[in-house]
Amino acid sequence: MIVVMAPDAGIAEIGGVIREIERLGYTPRPSHGRSGTVIGVVGAGAAGDLAHLAEFPGVARLEEVAHPYKLVAREARPEPTVIPLRHGEVGGREFVVMAGPCSVESREQVLAAARAVAGAGARVLRGGAFKPRTSPYSFQGLGEEGLRLLAEARRETSLDVVTEVMAPEQVALVAEHADILQVGARNMQNYALLEAVGRARRPVLLKRGMMSTLEELLLAAEYIMANGNHQVMLCERGIRTFETATRNTCDIGAVPALKSLTHLPVIVDPSHAVGVRAWVPAVARAALAAGADGIIVEVHPDPDRALSDGAQSLTPDGFRELMASLAAMAPAVGRELSIPV
Ligand code: PEP
Ligand code: MN
């Protein structure tokens, strides 16, 4: 259930409701927005009846949330969640582009990629330091050294950095170097990891599991929010179907569905969704047209020599062309995207 406070409710009134929720054995999860405060009531309390909260001073109304997820539900927060970046924000009018190599491979490689994507108008640099690889014999990433290289690229370009964290014990280290913590598709239901990033003070990019429903994705996000971290972005990265021409099947309908089910920003990863360089730009544009808040796209200075996912990585020139087409399209769908001239 959600307690919607009146727009003019003060600290004392909000505090009174929070104390009563706790007294009943539930956990209050307040969320403060421009149009007021809503308080999510989570957990199985001892006393079932919360109806009397409607009579508390400052309470506008109580709302039942029909979904199994509560805090991520659209009803829990009338305004969209907006996540600030060093430059710009995710979830506002701007269409945010995150770009960079699949893996951090070397200083030269990541700095070249960072300069290229920053020069073309990206806001966030992506790059994996800890890599979830299907084969234990494939390149596993540079680990901590990769994180240091990403931080160096950030200092030079002032891009924010998003990178994957694969285990709860890595969260503190990754959060020290990165601005956004990525939870990969394979870990979407790693609940210990979700709880750990939920306790971290960094935004989280949560990728949809390749065999997960949207409800499972939203419940994974609920774990993060229930642990105190409200800065969550959801990422559609393609799901596994019977189709083999594309690496995965991009569920573009997930974008409007998620935008109506939750207040959290929605990002699309066209690279892992289709897996073929030539097809990535079309899916990136489809993401913008469908109402996504941004994309995360793989770009490599020399894709044919990439240590992972070269076949789906754009060249710097290809990325610049993509950015020009997105910038031309954005106003037609009510979004902003400015690229350097
Ligand atoms: C990645 O972003 O490089 C990655 C491994 O993505 P996913 O978890 O979606 O497969
Ligand atoms: Mn990849």
Side-chain angles (χ1 to χ4, degrees), residues 90-91 95-102 117 122 124 126 128 132 134 162 164 180 182-189 204-218 220-221 232-262 264-300 303 306 308-315 318-319 321-330 332-335 337:
V90 181
F95 186 72
V96 172
V97 177
M98 312 182 186
C102 178
V117 303
V124 179
R126 65 146 291 146
T134 302
V162 58
E164 179 158 354
I180 303 170
Q182 175 173 324
V183 174
R186 291 156 191 80
N187 273 319
M188 189 204 85
Q189 289 181 309
V204 177
L205 177 82
L206 175 65
K207 299 188 86 172
R208 180 181 183 180
M210 52 191 95
M211 288 161 291
S212 299
T213 63
L214 295 184
E215 186 167 291
E216 288 162 344
L217 170 62
L218 290 164
V232 184
M233 315 165 217
L234 305 172
C235 180
E236 163 59 36
R237 46 77 75 205
I239 49 177
R240 187 166 279 191
T241 67
F242 54 82
E243 183 53 69
T244 54
T246 47
R247 179 175 177 180
N248 291 289
T249 296
C250 185
D251 181 7
I252 202 74
V255 176
L258 288 170
K259 292 298 288 182
S260 83
L261 293 170
T262 176
L264 297 174
V266 176
I267 304 296
V268 170
D269 174 346
S271 308
H272 293 87
V274 293
V276 177
R277 186 180 311 148
W279 303 341
V280 167
V283 176
R285 288 187 288 269
L288 169 60
D293 296 293
I295 50 171
I296 180 164
V297 57
E298 288 182 340
V299 179
H300 193 288
S308 60
D309 286 350
Q312 67 192 32
S313 298
L314 300 179
T315 62
F319 180 65
E321 283 168 30
L322 168 61
M323 291 298 279
S325 71
L326 291 170
M329 245 183 87
V333 292
R335 305 302 290 233
L337 173 60

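Sequence positions, counted from 1, serve as the residue numbers for this chain.
- Contacts of Ser308 classified as side chain to side chain donor-acceptor pair (under 3.5 Å), with partners at least two apart in sequence or in another chain: Ser103.
- Taking 4.5 Å as the limit, every side-chain heavy atom of Val274 sits out of range of all side-chain heavy atoms of Gln312.
- A distance of 11.0 Å separates CZ of Arg237 from CE of Met188, quoted to the nearest 0.5 Å.
- Scanning for side chain to side chain donor-acceptor pair (under 3.5 Å) contacts around Thr241 gives Thr249, with sequence neighbours left out.
- Among all heavy-atom pairs drawn from Ala284 and Pro270, the shortest one is N-CB, 3.8 Å.
- Every residue meeting the side chain to side chain donor-acceptor pair (under 3.5 Å) condition with Asn187, not counting sequence neighbours, appears here in chain and number order: Asn190.
- In this structure, the side chains of Val333 and Phe95 stay at 4.5 Å or more apart for every pair of heavy atoms.
- For Ala286, the side chain to side chain contact (heavy atoms under 4.5 Å, CB included) partners at least two apart in sequence or on another chain are Ile252.
- Considering every non-hydrogen atom in both Pro265 and Val90, the closest pair reads CB-CG1, 3.7 Å.
- A 4.5 Å side-chain heavy-atom check between Leu337 and Leu288 finds every atom pair outside the cut-off.
- Across all their heavy atoms, Pro281 and Ala278 have their closest contact at CD-O, 3.8 Å.
- Considering only heavy atoms from C-beta on, Asp309 comes within 4.5 Å of His272 through its side chain.
- Using a 4.5 Å heavy-atom threshold, the side chains of Val97 and Leu322 count as separate.
- Under the 4.5 Å side-chain criterion, counting only non-hydrogen atoms from C-beta, Ile296 is in contact with Cys235.
- Scanning both residues, Arg126 and Gly100, for their nearest heavy atoms gives CG-N, 3.3 Å.
- Across all non-hydrogen atoms, the minimal contact from Gly209 to Ile239 is O-CG2, 4.1 Å.
- Qualifying side chain to side chain contact (heavy atoms under 4.5 Å, CB included) partners for Ser313, counting only residues two or more places apart in sequence or in other chains: Glu298, His300, Pro303.
- Nearest approach of Ala99 to Val299, heavy atoms of both residues: CB-CG2, 4.0 Å.
- By the side chain to side chain contact (heavy atoms under 4.5 Å, CB included) test, Ala221 pairs with Val72, Leu206, Val232, Leu234, Leu264, sequence neighbours left out.
- A heavy-atom distance below 4.5 Å is not found between the side chains of Val283 and Thr246.
- Partners of Asp269 according to the salt bridge (Lys or Arg N to Asp or Glu O under 4.0 Å) rule, which considers only residues two or more places apart in sequence or in another chain, are Lys207.
- Arg208 meets the side chain to side chain donor-acceptor pair (under 3.5 Å) test with Glu236, Asp251; sequence neighbours excluded.
- Here side chain to side chain donor-acceptor pair (under 3.5 Å) pairs that include residues 277-288, with residues two or more places apart or in two chains, are Arg285-Ser325.
- Take Glu215 and apply the side chain to side chain contact (heavy atoms under 4.5 Å, CB included) test, not counting sequence neighbours, and it matches Pro68, Tyr69, Thr213, Leu219.
- You'll find the side chain of Asp293 stays beyond 4.5 Å of the side chain of Val96, heavy atoms only.
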